[in-house]
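Following: one structure in structure tokens, then a few remarks.
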Amino acid sequence: MKAEEGQHLLYQMQLIRRFEEKSAEQYTKAKIRGFLHLYIGEEAVAVGVIQALTDEDSILSTYREHGHALARGLSAESVMAEMYGKKEGCSMGRGGSMHLFDASKRFYGGNAIVSGHLPLAVGMALALKKQNKKNITCCFFGEGAAAEGEFHESMNLAALWNVPVLFVCENNLYAMGTALKYTHSILELEKKGMAYGIDSVAVDGMNLMAVINAANKAVTKIKKTGKPYFLVCNTYRFRAHSMFDAELYRDKSEVEEWKKRDPIAIFKKYLLQEKLTTEQEIAIIEARIESEVQRAVDFAESGTLESIEDLTKFVYSKKTEL
Amino acid sequence: MKAEEGQHLLYQMQLIRRFEEKSAEQYTKAKIRGFLHLYIGEEAVAVGVIQALTDEDSILSTYREHGHALARGLSAESVMAEMYGKKEGCSMGRGGSMHLFDASKRFYGGNAIVSGHLPLAVGMALALKKQNKKNITCCFFGEGAAAEGEFHESMNLAALWNVPVLFVCENNLYAMGTALKYTHSILELEKKGMAYGIDSVAVDGMNLMAVINAANKAVTKIKKTGKPYFLVCNTYRFRAHSMFDAELYRDKSEVEEWKKRDPIAIFKKYLLQEKLTTEQEIAIIEARIESEVQRAVDFAESGTLESIEDLTKFVYSKKTEL
Amino acid sequence: MKEITKITYREALKQGVREALQNDERVFLMGEDVGRYGGAFAVSKGLLQEFGEDKIMDVPLSESGFVGAGIGAAVAGMKPIVEVMTVNFGLLAMDQIVNNAATLLHMSGGQMNVPVVIRMGCGIGRQLAAQHSHSWEPLFAHIPGLIVLSAGTHEDARHMLAKALKSPDPVIVFEYTSMLNIEKEIPVNITRVDISKAKVRKVGKDISIITYGIGVYKCMDAANELASIGIDTEVVDLRILRPLDEETILASVSKTHKALIVEDAWKSVSISSEISARIMEKIFYELDAPVLRLAGVEVPIPYPLHLEDASVPQKNDIINAVKKMLNHD
Amino acid sequence: MKEITKITYREALKQGVREALQNDERVFLMGEDVGRYGGAFAVSKGLLQEFGEDKIMDVPLSESGFVGAGIGAAVAGMKPIVEVMTVNFGLLAMDQIVNNAATLLHMSGGQMNVPVVIRMGCGIGRQLAAQHSHSWEPLFAHIPGLIVLSAGTHEDARHMLAKALKSPDPVIVFEYTSMLNIEKEIPVNITRVDISKAKVRKVGKDISIITYGIGVYKCMDAANELASIGIDTEVVDLRILRPLDEETILASVSKTHKALIVEDAWKSVSISSEISARIMEKIFYELDAPVLRLAGVEVPIPYPLHLEDASVPQKNDIINAVKKMLNHD
Ligand SMILES: Cc1ncc(C[n+]2csc(CCOP(=O)(O)OP(=O)(O)O)c2C)c(N)n1
Ligand SMILES: Cc1ncc(C[n+]2csc(CCOP(=O)(O)OP(=O)(O)O)c2C)c(N)n1
Ligand SMILES: [Mg+2]
Ligand SMILES: [Mg+2]
């Protein structure tokens, strides 16, 4: 790894972290409303996987998608403005935190029906295959989602059709307050992929280098075979499920234990150790992020609200003419 | 195996066969309408599995359920009358061929949404467990059904809850005209069960003795553990999917090949070989079946149609009082 | 003498569930996060500790699976309360609800009763955007075999469940998540509600305002304000959306000769369409003016507050509509 | 000069699909048994041989999965025709249709078009009993974001699909399986239909009969018989159930001053409710009599022929209703 590259990855993880901390702040100030699901603790997954993709590859995610959006290159401004419900937001303010979209970046949500986007991912990959394009469709979802019927149907379809989908299961051990062992009858989720004949690998999702390795391998394999791949990233969310969660279902001590494996801290240490960065450079990165996040808030604050007259826009396309 | 027992099993398989042949006849005479799905060729599965159950165990099946109903002990009369749409039918004539029910025999359909009865089976088993009853819930379905999301959700729930469901997958290699390899990305369906940590076994479904052994083992295991079990019976349907099927999707020669493995012929041979019956006794059984089937037709013919005034009966229970 | 107590909608729901668990051995609650999390909306908080894992079952994300299991358990003699966190996820279980719960009794010629109760949070009002703000009462009200209830008041939130559990047939209960924190007074010594009947929440003579769910308090507020300017409205809370209590509706409109129907659900093919059509069919000649509807704007609910508010009828819309219908200025 | 050809409903559908595959590289057909089996109803028989596996895709039983995949493929630039064998299995895909197909455009602030066409067989008439005889047009017509079409005639069966595929937004096309073998005449030189408009199938002055789907021929037959006794009915085929073509409906009723709405779907919260409510709202004072509805009896469809027939309005019911409304004896 080159220094520049390493620093960029650190920047991305740290940006996600700070952006979300700021979002939580803005939430308590009632600037952001609805549900807000923070990704804090899981940054290595989005950053590690998305770095393996090209701009031509597509990404689909869940309602816990700020990290994926930022790692994909959506601007902090457009995401913050979206959460403010402003027209300048990446979804024109219509979607909010759970529905970040940017078609120009092939970032297709921001989907809030758990597991509902898995079939979409398979279909997008199928379309690209029919168009003789070689790009990958990457689909993030939680371990809770893997209990839904759509997971089963999507894995089977992707395998039957030999389409290049990278299924990334972010196993953060909880689906809201329901621990993995109450969601799945077997705990090694990678074994589920094998039941469809899909290459399946689990990786330590708290370790960016491990995720990068695994993701690069996955992408290389998919490009070679054109087939789906199942990557399970074992991770943990440090924060509550959403801003409405009293966290009755887990011990503070468990959270503290996991915080010792903070992916950002681990990666910083690695960069320093490998002399790929210095404390000073890190301070500069952090300062840059600080102002970037502040700019995002300013941008959102000064954004505009859509006119109520436009309420029914986007129900049907303007050009619909039957 | 005792002679009596062996002869009874032969009787059951042969009854199913003749009953269905007669049903097909009555269908072409337009006495029976709607969809009619014949089980011919698969008789060893229903008979072999159901003999392992007690009267207290529950059974759920699909729209291809004449065999299960008869093996369970529903009378040929009540099933034929049902297909005639007569009040004397096992479902009052409301259901027809696809919806045979007899609660007194714990035979719960007759379900025509593929895979829709799997969650029901899990729930029934859960209820019995809560009631401290030890009985098994046995659920038959096709290999096509195993591609539906409900299969995944039901297997997982049954395993998580440790409830005694015997899942019997009748793998007859086709879901309508879609061959196994176009339905599933892996062909050894028993491997699917393992992805839930469920004991899973495949058996030759054309060989009654093999099915009996496997089913008995399964039942013993379930009774011991209280856990679900997945039994895949590899079989074949000799007839079309339903009466509307031109069978474009398979070669006549394939069907002929499989007919050499006719479960009834195999079992007859076995009984004769083991001296558990004689040609003469078989002739008596067949004669008995002949008249039983004829009685069923007579019964159905002389049955009564419900009054049109009663059309909205059974939408809500009479005793509904809120 | 009527004693009164103050209670939140959440607490009312919780007491209903708790009482049901206490009163009948066969009752259990199952749903996503009902146990360890305490319920997505804290309705079942503490119940796991009080009743144990057998009675308060956390289930995996698999709506079709666990709703179907609830139906199966009901067939086999239990009285499950299945919580589908919100109706937004209910479409995943729609096949089970329609093709099994609503249909088994008929298909089996009367042999299989399905006494399941399915509770679903629903409605708009928390800026949860397009996939989390649905009002789908109309989809369920279309289905014969289902009993569909709507808890538009705290009293109903408190007492509907007990009655629903007495039904031998499947019941869907809609609860309104935007009302959870709202506190209201309810009588202490009324311990049962008649869920087979619509309820006239305010008697009046000038016009009938017919509504349900979130609409009830909105219409009551509007009615009170209208009263202050001398307009005497009657407010009818439908309460049971299937089968509809036609009698109460028609009696009210036959008296006032005018009707406005108010609901949050999308306007086309809705509960308000049905009521308008029935009034048309049954008491056309009683009408002094056309029946009008105020319903949800036909748009997936947008996230920003001002657009969300504009998506459903508000108190002022109701007031204005009534004034207009009565030619009042 | 209009040339006429005789064609079955099945053949009409097939020609539509075939033409679509020929005309646009992006079109493909996916669904259960559309290929090797030849289509559950033989609509796509031979197309696999003609167009190959890439264009005619057999899919496993997994309605949510393959409908969702169709939606995804549409987003990514294809023009999929997804066949859900019959609407009875459509509830399994309802979440995908409503929360994705109908909602993505809005949720993404206009960025994601979903030009998918979903064809579903539907309706009663073949003694397939409760789980296989549903008429669920009303459930889909409630959903903003969807375009819902109903092919009640052979002409529409032949030509609707081409237009549906031009839509940038998701289209559901209902086809009627009980009509498959029926042969009718259609004009040869009409190669497009205007699916944005209802169609007056028969002009008349005494009463408007408004219908769709299976209702169209039933109402035409009734209208012809009524004509022979001097009653001049106008028959309106809705064709597009969402968004409704209000204009044509209101124009017809404003002319005849009387309306009967006929549909096979269950009566409560249905298309006919909606139309009645709109007539009430918009042209109440044009009415000479209350608008009446003839709709499906609210029962899961029973298997026996006599009960099945009694579950939906028949020609004679229509004739009798019209006579009664016109005080004709
Ligand atoms: C179909 C559906 N059911 C329920 C919910 C409510 N819900 C939102 S997130 C969530 C937990 C999802 O857990 P997981 O898939 O592990 O993702 P995580 O939130 O842990 O990232 C639930 C139950 C939903 N949004 N969609
Ligand atoms: C949910 C659903 N989708 C489609 C159908 C139509 N259909 C009826 S049977 C069948 C094939 C089922 O195959 P399988 O499960 O292997 O059972 P088999 O008929 O071979 O016994 C299909 C597609 C249905 N009844 N339900
Ligand atoms: Mg999780
Ligand atoms: Mg099969």
Side-chain angles (χ1 to χ4, degrees), chain B residues 58 60 82 87 89-96 98-104 106 108-113 115-131 133 137 148-150 152-158 160-161 163 306 312-322, chain C residues 25-26 28 30 54-55 57 59-78 80 92-93 95-96 98-100 102-116 144-147 149 160 163-164 166-169 171 193-197 240 243:
Chain B
S58 302
L60 293 90
E82 184 59 35
K87 219 165 148 173
C90 57
S91 308
M92 291 278 291
R94 292 269 166 163
M98 300 203 288
H99 304 301
L100 306 175
F101 286 87
D102 189 339
S104 73
R106 300 185 197 277
Y108 299 108
N111 297 281
I113 301 297
S115 216
H117 59 309
L118 274 67
L120 295 189
V122 176
M124 294 184 79
L126 177 69
L128 297 178
K129 184 176 173 179
K130 285 186 187 292
Q131 294 159 9
K133 295 184 187 149
T137 303
E148 293 275 10
E150 280 67 30
H152 175 67
E153 297 185 2
S154 300
M155 295 287 274
N156 189 39
L157 290 177
L160 271 170
W161 294 343
V163 290
E306 259 189 299
T312 58
K313 227 170 134 177
F314 311 132
V315 182
Y316 295 100
S317 306
K318 266 212 220 83
K319 39 189 168 138
T320 298
E321 203 181 278
L322 299 174
Chain C
E25 269 297 304
R26 295 167 305 172
F28 65 100
M30 72 195 301
D54 246 32
K55 299 282 181 186
M57 292 180 67
V59 301
L61 278 143
S62 43
E63 283 79 4
S64 195
F66 71 79
V67 170
I71 296 167
V75 168
M78 300 300 287
L92 289 164
D95 174 68
Q96 287 296 327
V98 179
N99 274 317
N100 285 338
T103 309
L104 280 166
L105 179 71
H106 179 267
M107 230 157 51
S108 64
Q111 293 178 79
M112 283 176 82
N113 273 112
V114 186
V116 70
L146 296 182
I147 292 166
L149 305 178
M160 254 183 183
K163 278 295 188 70
K166 287 212 189 314
S167 166
D169 298 318
V171 181
V193 292
D194 178 2
I195 57 173
S196 71
K197 292 253 138 229
I240 178 158

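A, B, ... follow the sequence lines: proteins, then strands. Residue 1 opens every chain.
Taking Thr137(B), Leu126(B), Ile113(B), Val122(B) one by one and counting their heavy-atom pairs under 4.5 Å with chain C, the maximum is reached by Ile113(B). Between chain B and the options Ser108(C), Gly110(C), Pro60(C), heavy-atom pairs under 4.5 Å are most frequent for Ser108(C). Comparing Leu92(C), Leu146(C), Leu105(C) by heavy-atom pairs within less than 4.5 Å of chain B, the highest count is held by Leu105(C). Of the residues considered (Ala74(C), Ala76(C), Pro80(C)), Ala76(C) shows the highest number of contacts with chain B, using heavy-atom pairs under 4.5 Å. Per-residue heavy-atom pair counts under 4.5 Å with chain C were compared for Ala103(B), Ala112(B), Gly93(B), Gly95(B), and the maximum is reached by Ala103(B). No other option in Glu150(B), Met124(B), Lys313(B) has as many heavy-atom pairs under 4.5 Å with chain C as Met124(B).
When heavy atoms are compared at a cutoff of 4.5 Å, Glu63(C) approaches chain B solely by way of its backbone atoms N, CA, C and O. At a 4.5 Å heavy-atom cutoff, Leu100(B) makes no contact with chain C through either its backbone or its side chain. Neither the backbone nor the side chain of Val67(C) comes within contact range of chain B; no heavy atom of the residue lies under 4.5 Å from a heavy atom of that chain. Contact of Asp102(B) with chain C is made through backbone and side chain together, with heavy-atom distances under 4.5 Å. With a 4.5 angstrom heavy-atom cutoff, Gln96(C) touches chain B only via side-chain atoms. With a 4.5 Å cut-off on non-hydrogen atoms, Lys87(B) does not touch chain C at all. For chain C, no part of Glu82(B) is nearby; none of its heavy atoms comes within less than 4.5 Å.
Leu61(C) contributes atom CG, which lies 9.0 Å from atom CD of Glu153(B) (distance to the nearest 0.5 angstrom). Going from atom CE of Met107(C) over to atom CZ of Phe101(B) covers 4.0 Å, rounded to the nearest 0.5 Å. Of the inter-residue distances, the one linking Asn111(B) atom CG with Asn99(C) atom CG reads 10.0 Å to the nearest 0.5 angstrom.
Between Gln111(C) and Ser91(B), the closest heavy-atom pair is NE2-CA, 4.1 Å. The shortest heavy-atom contact between Tyr316(B) and Gly145(C) is OH-N, 3.2 Å. Summarising the geometry of Leu157(B) relative to Phe66(C), their closest heavy-atom pair is CD1-N, 3.7 Å, with the distance given to 0.1 Å.
Under a 3.5 Å cut-off, the side chain of Asp95(C) and the backbone N or O of Gly116(B) do not form any donor-acceptor pair.
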Open item on the list: Please determine whether side-chain contact (heavy atoms from CB on, under 4.5 Å) holds for the pair Val75(C) and Leu120(B), giving the CA-CA distance in whole Å, both sets of side-chain angles, and the decisive distance to 0.1 Å.
Closed with: CA-CA 9 Å; Val75(C) 168; Leu120(B) 295 189; 5.7 Å; no

Task: side-chain contact (heavy atoms from CB on, under 4.5 Å) evaluation trace for Met78(C) with Gln131(B) - done: CA-CA 9 Å; Met78(C) 300 300 287; Gln131(B) 294 159 9; 3.3 Å; yes

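There is a side-chain donor-acceptor pair under 3.5 Å between Ser317(B) and Asn113(C).
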